[in-house]
Amino acid sequence: MKKTLSAGVAAFVLSAVAAQAADLKYPIGEGPFSWDSYNEWKANAPDLSGQTVTITGPWLQPEDAVFRTVAAYFADATGAEVIYTGSDSFEQQIVIDAEAGSAPNIAVFPQPGLAADMAARGLLHPLPESLGAWVAENYGAGESWVDLGTYPDKDGNDQLFGFFYNVNVKSLVWYVPENFEDADYEVPGSMEELKALTEQIVADGETPWCIGLGSGAATGWPATDWVEDLMLRTQPPDVYDAWTTNEMPFNDPRVVAAIEEFGWFARDDAKVSGGSGAVATTDFRDSPKGMFASPPQCYMHRQASFVPAFFPEGIEFGEDVDFFYFPSFSEKDLGNPVLGGGTLLAITDPSDGADAFMKFLELPLAHEVFGAQSGFLTPLKTVNPETYLNDALRGQAEILVNATTFRFDGSDLMPGGVGAGTFWTGMVDYTGGKDAQTVADEIQASWDALK
């Protein structure tokens, strides 16, 4: 169905920031924020009085208001006005505006695919040269973030276009501390230990895992996250990248092996609540609830940072539930890879103000103010963890800054017919008993048909 988009039907928020000290969310010098680096930058910041920096992105309320409080510190330091426009049709509108020559100075992309496409068309402008080296040095898994923000320009030359700001973590295993304590189980520090714990729970007559793939028309996607995480734990990052672009076929033995690693957990009746036959039919939103039953129906649940939204009412993080990093194999020597996603900022209409704002985002304060008010996460190592809104975010931020590799959800990087199609359905077939090689062959055949 063809959609016609206009300001009359698209939800949007337009906000301007021209801050004075009294407008700042947190008074300068108060609280656990990194004021010293901000004050030093402010003392040498360019005078942008009378200039405007326009920014467009997908953030609506409440993120819009929170981002405005961040921009206020830039405005206070430079004298510039910052105008942010949030739209629920951002991904369509930014292309229209850029093609018409009316793009904002900066665009906030919810994922890198569209940014890469626009860079290849000459609709983005490279970031300041110093920013790449700064990201590599100051972000956890810094080289990964440089790679994820680097795309070919219209002449085919690789350039840094994207600066990641506000990311999320998928490589998490949730558990109930009381259940672990009662059974004398310890949080595993490696994949070998996680597998040993899984087998120990089975030997104790209990069920280690809750896994559910049900999600309506999107049924199967939770299994793709498992496979992606296991690819990062069994193969180097360049192999993962080749897989997501089909430079390496989907039915390569290394991919089949990762699918079978998932099967080690999900295709064993003794290891999964309800048995392996229930995996595909259990709704992913209902799946974690087994951890909170009495007696527990399972002890662990692998899912991204959003899953607490589906926990029973009244569950408190740290007391009733906690998480640990989905660990890597100690014998593989592949470091600590993390799977996730995130938003990136790119310059769509260059100006002195746009360059200055990107420089401002190097400051810990520009991350801390956002993180103190919302579910914001950053891989910036110099952020004070005390400024995060809660302990759950602090724990996830620790995983991010200690990561050695970060990669985006692989299915999101694949063509829609595969990543949001045959990969999903193939994982349902696999949990239902189909051979991993056959499933991988069928997914590759579907990819070939799209070429």
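Computed from a prediction, not measured in an experiment: that's the story for all the values here.
Of all non-hydrogen atoms in T224 and S411, the two that sit nearest each other are OG1-OG, 3.8 Å. The shortest non-hydrogen separation linking C210 to H301 is O-ND1, 2.8 Å. Residues A115 and Y151 come closest through the heavy atom pair CB-CE1, 4.0 Å. Minimum interatomic distance between T405 and S144 (heavy atoms only, all atoms of both residues): CA-OG, 3.5 Å. When every heavy atom of A366 is checked against every heavy atom of Y165, the shortest pair comes out as O-OH, 2.6 Å.
Using a cutoff of 4.0 Å between basic side-chain nitrogens and carboxylate oxygens, D409 and K170 are scored as salt-bridged. Under the 4.0 Å criterion applied to side-chain N and carboxylate O atoms, K381 and E137 are not assigned as salt-bridge partners. Look at K359 and D355 and you find no salt bridge, because none of the NZ, NE, NH1 or NH2 atoms lies under 4.0 Å from a carboxylate O. Using a 4.0 Å cut-off between a side-chain N of Lys or Arg and a carboxylate O of Asp or Glu, K195 and E261 qualify as a salt bridge.
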Derivation of the salt bridge (Lys or Arg N to Asp or Glu O under 4.0 Å) call for D117 and R121: CA-CA 7 Å; D117 290 344; R121 296 179 58 197; over 6 Å; no
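Counting heavy atoms from C-beta outward, W174 and P288 have side chains that stay 4.5 Å or more apart.
A donor-acceptor distance shorter than 3.5 angstrom exists from the side chain of R233 to the backbone of P337, with no hydrogens or angles considered.
When only modelled atom types and interatomic distance are considered, E368 and S34 share a side-chain donor-acceptor pair under 3.5 Å.
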